Amino acid sequence: MPAPLVAGLAIAAAAYAGRYGIQAWKSFKARPPTARMRKFYEGGFQPKMNRREAALILGVRESVQADKVREAHRKVMVANHPDAGGSHYLASKINEAKDTLLGNTKNIGSAF
């Protein structure tokens, strides 16, 4: 006699678990979409670029090695080069960021 009772309780538990799973799935699908991409720096440029801003532009840390700066500069420049449809202004800022992080002071300020 206890076997049908246990079977009935198991079926009821499975039904409640299925109901909870369906409700959880519906609430998961109804949530607002979130950005799945990495957030980038949303601010404007400073009049004189500092190391922090240069690191944000290139996507590296302020205390990074020179070869990593050159590698990051190349990746960002390929995506924003004026010959490939990019902006001259952004290209000059990317170059200024590289010079700032590498310690080259020949370019003081942007050309724009």
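Since this is a predicted model, take the numbers as computed values, not measurements.
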- Message: On a heavy-atom basis, which atom in Leu58 and which in Val76 lie closest, and how many Å separate them?
- Response: O-CG2, 4.1 Å

- Item | From CE (Met77) to CG (Asp83), nearest 0.5 Å | 10.5 Å

- Message: Strictly distance-based, threshold 3.5 Å: is any side-chain N or O of Gln46 a donor or acceptor partner for the main-chain N or O of Glu53?
- Response: no

- Task: Check whether any side-chain heavy atom of Glu96 lies under 4.5 Å from a side-chain heavy atom of Ile57, and answer yes or no.
- Result: no

- Item | Side-chain (Arg74) to main-chain (Glu71) donor-acceptor, under 3.5 angstrom | no

- Contact summary for Met49 and Ala97, nearest pair of heavy atoms: SD-CA, 3.4 Å

- Note on the structure: In this structure, CG of Asn95 is separated from NE2 of His73 (nearest 0.5 Å) by 4.0 Å

- Task: Go through the steps for Lys68 and Arg61 under the test side-chain contact (heavy atoms from CB on, under 4.5 Å), then give the verdict.
- Result: CA-CA 10 Å; Lys68 297 287 183 183; Arg61 294 180 186 256; over 6 Å; no

- Query: Do the non-hydrogen side-chain atoms of Ile94 and Lys98 ever get within less than 4.5 Å of each other?
  - Reply: no

- Task: May I have all residue pairs that pass side chain to side chain donor-acceptor pair (under 3.5 Å) and include part of residues 16-26, sequence neighbours excluded?
- Result: none

- Message: Once rounded to the nearest 0.5 Å, what's the spacing between atom CZ of Arg51 and atom CG of Leu101?
- Response: 5.0 Å

- Query: Which heavy atom in Pro82 sits nearest to a heavy atom in Ser87, and how many Å separate them?
  - Reply: CG-O, 4.0 Å

- Item | Note, Leu90 side chain near Phe45 side chain (heavy atom, < 4.5 Å) | yes

